[in-house]
Amino acid sequence: MKVTGKCGSIRLRCVPAPKGTGIVAAKIPKKLLTLAGYEDVFTSSKGQTRTFGNFAKATFNAIYLTQKFITPNLWSKSSLVKNPMNF
């Protein structure tokens with residue numbers, strides 16, 4: 001899915017890439033996308049990208065928007081721990 005993260009004057013667009021392409025991005029988005037677990041993605045940005053704070057927030061916003069696409073069937077199975085306060 002194509003998503004666009006916005007912050008200040010910056011618009012960062014993330015587009016899925018073919019497998020094996022890697023992350024095609026500037027330094028800041030590349031680090032954040034790598035930490036988020038992305039493997040293959042193209043990015044394009046508009047605006048004043050020298051403002052690192054806004055650039056990072058726009059990238060984070062784009063990552064946040066992709067979380068809406070995760071459905072319950074993709075969630076990992078986890079066992080519930082009993083509440084230690086109940087005796």
Side-chain angles (χ1 to χ4, degrees):
M1 287 288 174
K2 298 176 186 176
V3 293
T4 303
K6 302 174 186 176
C7 183
S9 67
I10 298 176
R11 306 291 182 262
L12 180 90
R13 186 175 187 204
C14 295
V15 181
K19 287 187 178 183
T21 304
I23 299 173
V24 181
K27 279 186 178 181
I28 294 171
K30 190 169 195 170
K31 288 179 183 178
L32 290 173
L33 291 168
T34 303
L35 287 173
Y38 288 85
E39 295 176 358
D40 302 308
V41 65
F42 293 128
T43 63
S44 65
S45 57
K46 294 180 183 178
Q48 186 70 356
T49 57
R50 287 190 298 182
T51 54
F52 294 126
N54 286 349
F55 203 17
K57 283 183 182 180
T59 306
F60 184 77
N61 190 5
I63 293 169
Y64 174 76
L65 291 174
T66 61
Q67 295 301 315
K68 293 180 182 177
F69 300 119
I70 296 179
T71 58
N73 62 348
L74 297 175
W75 295 349
S76 61
K77 300 285 184 192
S78 62
S79 60
L80 297 176
V81 180
K82 290 186 179 180
N83 188 352
M85 301 305 279
N86 293 339
F87 294 102

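Note that these values count all heavy atoms, side chains included, but never hydrogens, waters or copies made by symmetry. In this chain, numbering begins with 1 at the start of the sequence shown.
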Quick one: [atom1] on [X] to [atom2] on [Y], what's the gap to the nearest 0.5 Å?
{"X": "Leu35", "Y": "Phe60", "atom1": "CG", "atom2": "CZ", "result": "11.5 Å"}
{"X": "Glu39", "Y": "Thr34", "atom1": "CD", "atom2": "OG1", "result": "10.0 Å"}
{"X": "Ile23", "Y": "Tyr38", "atom1": "CD1", "atom2": "OH", "result": "9.5 Å"}

Original post:
Under 4.5 Å between any side-chain heavy atoms of Thr43 and Leu33, yes or no?
Top reply: yes
Original post:
Any side-chain heavy atom of Thr66 sitting closer than 4.5 Å to one from Cys14?
Top reply: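 No - every pair of side-chain heavy atoms lies 4.5 Å or more apart.
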Original post:
Does Ile63 share a hydrophobic cluster with Ile28, counting links as ILVMFWY side-chain heavy atoms below 4.5 Å and allowing steps through other members?
Top reply: yes
What heavy-atom pair brings [X] and [Y] nearest, and what distance separates the two atoms?
{"X": "Phe55", "Y": "Thr49", "answer": "CD2-O, 3.6 Å"}
{"X": "Thr4", "Y": "Arg13", "answer": "OG1-CG, 4.0 Å"}
{"X": "Pro29", "Y": "Leu12", "answer": "CG-CD1, 4.2 Å"}
{"X": "Asn54", "Y": "Gly8", "answer": "ND2-CA, 4.1 Å"}

Subject >> Residues that, via side-chain heavy atoms closer than 4.5 angstrom, fall in one hydrophobic cluster with Val15 >> reply: Val24, Phe42
Original post:
Is the backbone N or O of Ala17 less than 3.5 Å from a side-chain atom of Asp40, with the two atoms forming a donor-acceptor pair by type?
Top reply: no
